[in-house]
Every structure is written in C-alpha cells, then in structure tokens.
2 protein chains.
Amino acid sequence: MRQKRGGRAAGVTMEDVARVAGVSAMTVSRVLRQPTLVNADLKARVEAAIRETGYIYNLVASSLASQRSGIIALILPTVASSIFTDSVKGVSDVARTHAVQMIMAETNYSPAEEEKVIEALLRRRPDGFVIVGVSHTRATRALLEKSGVPVVETWDSTPTPIDSLVGLSNFDAMKAMTEALVAQGFRRIVFVGTATPDRRAQMRAKGYEAGIAEAGLGAPLILNAGDLTSMESGRIVAERIAALRPRPDAVLCLNDVLAAGALLAFQRMGIAVPADIAVAGFGGLDFSSHLNPSLSTVDIPRYEMGQKAAEMLLGRIAGTAAQGGTCEMGYRIMLRESTGGSRPTEAKAS
Amino acid sequence: MRQKRGGRAAGVTMEDVARVAGVSAMTVSRVLRQPTLVNADLKARVEAAIRETGYIYNLVASSLASQRSGIIALILPTVASSIFTDSVKGVSDVARTHAVQMIMAETNYSPAEEEKVIEALLRRRPDGFVIVGVSHTRATRALLEKSGVPVVETWDSTPTPIDSLVGLSNFDAMKAMTEALVAQGFRRIVFVGTATPDRRAQMRAKGYEAGIAEAGLGAPLILNAGDLTSMESGRIVAERIAALRPRPDAVLCLNDVLAAGALLAFQRMGIAVPADIAVAGFGGLDFSSHLNPSLSTVDIPRYEMGQKAAEMLLGRIAGTAAQGGTCEMGYRIMLRESTGGSRPTEAKAS
DNA sequence: TTTTTAATTGTTAGCGCTATCATTTGTTAG
DNA sequence: CTAACAAATGATAGCGCTAACAATTAAAAA
C-alpha cells in the first residue's frame, strides 16, 4: 500500500508489478489480456510478480482505457419471481463462460421505471443489454438507439425490435392452451390476469380471447388477480370464481403461480380439481408437475431464452452478429391432471 | 459524436457539456454531484446543456477518479433458487435508495468457486460485499481482508466474522423445530439433508441431532436428498422414506422446497399427511402456507436479512459503522397442518 | 552479407472524470 | 475604506489502465 495524493491509500498497480518483474506496464497488461503475444519466460516472471505483490487487476481503469466494460445489463420486471430466475441463470451462465459480468435491474413492470433504470445502467457503459419485454417508452428506445449499445429483447415478440430479438409469442401460446382446453371439452373457461398493464400479460389475455372467439364460445370472461402475482392472489381470485354462477368449468391463469394458488384454494374449499373445475397455468415452472393434481401449463424454454439472448448479445458485441437478428422460441402445451388429462399429453409448437 | 484517436467514436463528455454551458468541466461535475455548491443560474444553464447534448454521465471514469465504484457485490450460492430471491430483493431495494448498484455472483455452494468469484468481482473495485455464508477458504478471507473492502456476511452465524455479520443460527432454528415436533408427540423423526457439504445445511442437521439427543429419542436418522435442492429431490427422498420400516412418523427437511416435494409425493403415494406421516420444512417460503395441508416451517426473515445486511454494509462504506458489527436475526416456528397443528401455532425466538 | 519480415517489448498519449488547490468575487467586520 | 473571510468557480494533475505506434531483436529471404 502506498500513500498518494493527499493521503489516499492505493493498492498494488500494474506499474508495481512491472517494476518487480523488471518489465514495462504494457507487458504486464499483455500477459493478462493477450498472453500469446508474450515470451514464455517473461510471462512466467510477470506471473510470479503478480503473485508476489498480490496484484488485483483493475477493471475500472481497464474499462475506461479500452472503452469496454465487460458488463452486460439485464433488465427484468422483477428479480423476486420464480418466473424469471431460470432466464437469469441462462444469461448468467453464458456471461460467465465469456468472462463477462452481468448486472441486473428491475422495472416493477413499469415502462417509466424501466426508462430510469436503463439510464442509470447506461452510466456504467455496459457493452450490451438484455431486456425482458418489447414495450418501452419512446424515450427509452431513443436512449438505447442513440447510445449505440447492442440490445436483445426477449420474452415477447414484435416485428420491430430495437436491435435483436429472442421472441416468444405469448398470444400464440395462450391461444394454443385455450384451444387445448376447448378440445378437452371445457366450455366455460375463465381467464385470470393481473391489473398491471403489462404487454406480455395483455397478449396472453388476447390469446385467450382469440381462442374463445374462434371456438364460438360466446363472450370471454376475464378476472384480474390484482397487482401482485402470488399464490395469495390466486387464492383470492379462486374464491371469486367459486362464487360465480353458473360456475366456470375451467380456469386459465396468466402464470403458474396464480394457477397453483387457485388450484390449492379450490381444494381447500372442497372444490375438486379437475372434477368440479379444471385449472391451467402458464410458464412450465418446476413445481407445476409436482402438485396433486399436476398442473397443466404452457411450458416455455425460460433458461434457453436467457441463454440464447446472451449468446446473441455477445455476438452483437463481438461484431459477429448483425443487427436485427431474430429468433423465435417455441412453447409446449402440457396437459396434465388438473385439466383431466391423466396421461401426459404434450403438443409441441414452433 | 467526435472522432478521436484512430477513429474511435466517442460520446458526449462532460467537457462538451461544459463548453455548451460556458463553464468549466469541474462545474458540470459539481452540478451532478454536489449541486448545493453551485449557483442556481449556472446550475440551470448546465442542466439545460446536459439535456441539449444528451449527455450521459460516465460512472466508469468517475469510479476511477474518485476511487469509489458505487457498486456493492452480492455473493450467493445460487441465483436460481426461491430461497434467496427475497434476500436479493432486500439488498437491491436498499442499494437503490442509496444510488448504489448491485452486482451478483453465484458460488454453487462451493468455497473454491466462491474464491474465484470474489477475486473476479474485486477487479471491479466494489465498495463492499454482502456474502451469504460464513464458510470461506483461507485465501478468500485473506483476499478480502487485504483488500480492505467492507464485508457483511449473512445467513449463518459465527463469532469471527471477516468484518460484520447479519447472523442467523441455523443450528438453533432447526433444533427449535425438532423440539417442537417432539412436543407435538412425534418420536421417529427423520431429517432430510443434502449431499452438498454446505455449512448452513450442516448446522441445520446438527440442530436436528441435538434436538433428538436432548429428547432422548435414540439415534438420529438422516437421509440425503442428493446434490440439488428441488421438489424432484424431495419426491425421490419421500419414496425412500416410505419404504423404511418401521416408518418414521415425521420428516423434517433442510428447506421448504424439499419438504414440499416430499409432502406432495407422499400424497401421491397414498400416504396421508399428517395422519400417516408429518412433514416440516425450513425457510418460510411463500407457497408453504398455501399447500394442502399447509406446511409447517421455520420462518426466517429473508427480506429483512438482505435489507439489514445492505444497510450495515452502507454504514461501513460511509464510515459511520465500525468493523465487527453484528446483528442476530430471529426465526419463527410455524406449526401448521402438515404436522397436525391445525391452528396456527407460532413460537417466536430471538 | 544485406535486406526484408516477423516477433517481441517499450514509449507516449490519452480514456473522462475528480481531488486539491488557486483564484476570483462578494460580504462582513474593524 | 480596507482587512479578513466566505462563497463560487476554475486550473492542474492525476486515477490505472490500453490503443497506437515506435523501437529493438531475431529469423528468414535474397
């Protein structure tokens, strides 16, 4: 530790290592970043000096000098939800293998907050963004476009991504599930959404409506579970549904968490699933298949979406991928016990 | 956009803003960081210039110059687990209100990986660390101590923290739950742990053993659920337990995920919970209270632990808190239907 | 042997900010 | 009216690294 400029303590620098190894700082830098360019003996000497001094490379200085932060930013609606954790892991795993660090921020499903969060992250000069969702404020889009930072949007679909897209058609997927329920013989299918005006949620609701309309089942019936996606919300909505007359024969939920909450609440009320009422969810979360009865759901490749998005982003950063790249992910309709399909019926899409 | 040094494109800098506003760069910096030191007119002029130029503050340069990154690092065993998401949110919420960004990394329950991860994060010069767990390699500890970066450990307890601690006694908590089960009349209580040699897991197992020993119930019985904590592991272990003769009358699991997996598996096998066998978990996860029967568990203040850890860390960073600060969090034994307590019995601790 | 070329290392000049001190201007006290 | 002080702004010198180029040396070609 040396004292510098007004007594500020500083750690070991590359210069210190260079002095110990008897080389220039640039050579130390090369050993760390392009070791093949350095003669083996010198390299060994430098590595010994690094160990001896306990030097820790300073990525802050490196980022400033190289104009590359080695950080990718991940923007999601919320970090405290089992729905996105697998996608986070997908991004994180890919990032790690490429020696890139990931920094996360949440928008709470609000485009305005998203704008703030993205602006804040831009100050760190990330090399790229993975953003969940395709619905942004005009300013957010302008900000990202002006910054010139590669962006991959995901978990939704659009013909006009900011940059690149790992798409998922929430509309198609939910419509397919609705059709599957109709095919199973259900006629009074109620949809459970949220009050939050989130595009992905809306697309799922619309998919349901389209499925109902095409089946000629009359007016769709949508209930909102409140702002929060939680089992508790599912429970509360289940109570409202139980009071409906005539009672629906199936409940299709925006996601598996709501569906599980509803399913368990019905059971607690003495309403048999699926005998009295069927329940289906969306998301293919791990616990769905373990419930009794097992929960029918739309399985989506959450981990793979994160993975794919990160790979695409790294391609854009490296310059090997062109702007406008798009990749549509599929989904699988998993009909399980909660909708009467006792054998694991599976339909594949895309 | 200007072209500089070999055609590299550069964005708007503070210098550009200063020129437009007709002030020095230093004044722009002050407007952004210590606005009270700047005359109101000038401030307005600078702010206008910022808007006009679309300037985005560069935290990389700021970090280098100020020796403060405005980043806190959070080290956890895994990001893809519902167990830690609330703690993450706790840290993240506090960080946000202090204009600090959080960067996360996972260790996969491996001290060796933790060492690597911490070294990698140290390169970003974070202002502090929140680390889940108190068990580290010698090198990790040395690294952190040498770096002089404030550290708050959490989710476990120790008399010798690296720096500060937001503690949780896994031993006490699990022992208390064991005693509660004994008090409910259970006599053949089996414990389900994991094969992973994780200190928190071990402490819980020891807590169970101590509870069994003190109750004079003979030899403890521990089964390992495999490496992964998942409902599937719980299911598999439940099958092994169902085959035991004489059959245990209660199953105490390392965490709620395993417990839920076991509970649901028992039901599927036609083994009634709690009539044939009781089940209890650990963690107080959201879904536990929604299961049928509702799952008895040890509720721990996950969100608050994250919050407290972050607050403590920020205090250390600001220099208002001394090293060695410790804060022990409590737990609550939640006896619910899965152990026969139909009324919500609650015992508080600490 | 001399020239050309490649491989290796070093030198220089920043990257875009901020700590520190110096300077200027305005206020208050003597 | 001037000295003494406070408040507001600016000038300077880095923070610790790397891009770009220069210099040196060794190997290959002529």
Side-chain angles (χ1 to χ4, degrees), chain A residues 1-19 21-46 49-50 53 55-70 122-125 127 147, chain B residues 1-19 21-46 49-50 53 55-70 122-125 127 147:
Chain A
M1 300 281 173
R2 301 154 313 152
Q3 292 296 72
K4 284 206 182 170
R5 210 160 120 207
R8 208 200 270 157
V12 179
T13 72
M14 206 173 252
E15 199 79 41
D16 299 329
V17 174
R19 199 171 312 116
V23 299
S24 74
M26 199 59 226
T27 299
V28 177
S29 175
R30 287 203 185 94
V31 168
L32 261 19
R33 312 192 342 139
Q34 318 168 67
T36 54
L37 295 185
V38 181
N39 173 45
D41 299 351
L42 260 199
K43 199 169 80 178
R45 202 132 57 85
V46 168
I50 288 175
T53 55
Y55 172 66
I56 294 176
Y57 186 59
N58 189 331
L59 271 172
V60 176
S62 168
S63 299
L64 181 60
S66 69
Q67 305 285 70
R68 279 284 215 109
S69 63
L122 235 18
R123 297 200 244 273
R124 297 265 172 219
R125 300 294 190 267
D127 296 334
S147 75
Chain B
M1 300 283 171
R2 301 153 313 150
Q3 292 294 87
K4 284 205 181 169
R5 212 162 118 201
R8 209 201 269 157
V12 179
T13 72
M14 207 173 253
E15 199 78 42
D16 299 328
V17 174
R19 200 172 310 118
V23 298
S24 73
M26 201 56 228
T27 299
V28 177
S29 175
R30 287 203 185 93
V31 169
L32 261 18
R33 312 193 342 141
Q34 318 168 68
T36 56
L37 296 185
V38 181
N39 173 43
D41 299 349
L42 260 199
K43 198 169 82 179
R45 202 132 57 83
V46 168
I50 288 175
T53 54
Y55 171 66
I56 294 177
Y57 185 59
N58 189 332
L59 271 171
V60 176
S62 169
S63 300
L64 181 60
S66 69
Q67 306 285 71
R68 277 286 215 107
S69 64
L122 234 18
R123 296 200 244 273
R124 297 265 172 220
R125 300 297 189 266
D127 296 334
S147 75

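Letters A, B, ... mirror the listed sequences (proteins, then strands); counts begin at 1. Computed from heavy atoms alone, side chains included, the values below leave out hydrogens, waters and symmetry copies. Just so you know, these numbers come straight off a predicted model, no measurement behind them.
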Residue pairs meeting side chain to side chain donor-acceptor pair (under 3.5 Å), one or both in residues 22-35 of chain A, sequence neighbours left out, come to A:Ser24-A:Thr27

When every non-hydrogen atom of A:Tyr55 is compared with those of A:Val12, the smallest separation belongs to CD1-O, 3.4 Å

B:Arg45 atom CZ is separated from D:dA8 atom C1', nearest whole Å, by 13 Å

Taken to the nearest whole Å, CZ/B:Arg68 to C1'/C:dG16 is 19 Å

Taking N or O atoms only and anything under 3.5 Å, show me the protein contacts with nucleotides 4-6 of chain C, one pair per line.
none

Taken to the nearest whole Å, CG/B:Asp41 to P/D:dA8 is 12 Å

side-chain contact (heavy atoms from CB on, under 4.5 Å) filter on B:Arg123, not counting sequence neighbours, yields A:Ile56, A:Tyr57, A:Leu59, B:Glu119, B:Ala120

Separation of C:dG16 atom C1' from A:Arg123 atom CZ, nearest Å, is 15 Å

note: B:Leu64, atom CG; C:dC15, atom P; distance rounded to Å ~ 13 Å

Atom CE of A:Met14 and atom C1' of D:dA19 are separated, to the nearest Å, by 13 Å

Quick one: are B:Arg124 and A:Ser63 in side-chain contact, heavy atoms under 4.5 Å? yes

With sequence neighbours left out, the residues meeting side chain to side chain donor-acceptor pair (under 3.5 Å) with B:Asp127 are B:Ser69

Distance col, row A:Asp16:CG vs A:Arg19:CZ, nearest 0.5 angstrom, shows 5.0 Å

Per-helix bend value, the helix from C:dT1-D:dA30 to C:dG30-D:dC1, C1' rotation axes over five pairs per end, 10° rounding, shows 40°

Pull out every protein N or O sitting under 3.5 Å from an N or O of nucleotides 7-11 of chain C, one pair per line with the distance.
unit_1	atom_1	unit_2	atom_2	d
C:dT9	OP2	A:Asn39	N	2.9
C:dG10	OP2	A:Ser24	N	3.0
C:dG10	OP2	A:Ser24	OG	2.9
C:dG10	OP2	A:Thr27	OG1	2.5
C:dG10	O6	A:Arg30	NH2	2.7

note: B:Asp16, atom CG; C:dC15, atom P; distance rounded to Å ~ 11 Å

Tightest non-hydrogen contact, residues B:Val60 and A:Leu64, listed as CG1-N, 3.6 Å

B:Ala21 and B:Ala49 have their tightest heavy-atom pair at CB-CB, 3.8 Å

Whole-Å distance, B:Asn58 CG to C:dC15 P, equals 12 Å

Taking the side chain as C-beta and beyond, is there a heavy-atom pair between A:Ile50 and A:Leu32 under 4.5 Å?
yes

N or O in side chain of A:Gln67 less than 4.0 angstrom from C:dG16 OP1/OP2 | yes

_Sub-4.5 Å side-chain heavy-atom contact between A:Val46 and A:Val38_ = no

Note: B:Glu15 and B:Ala25 closest approach over all heavy atoms is OE1-CB, 4.1 Å

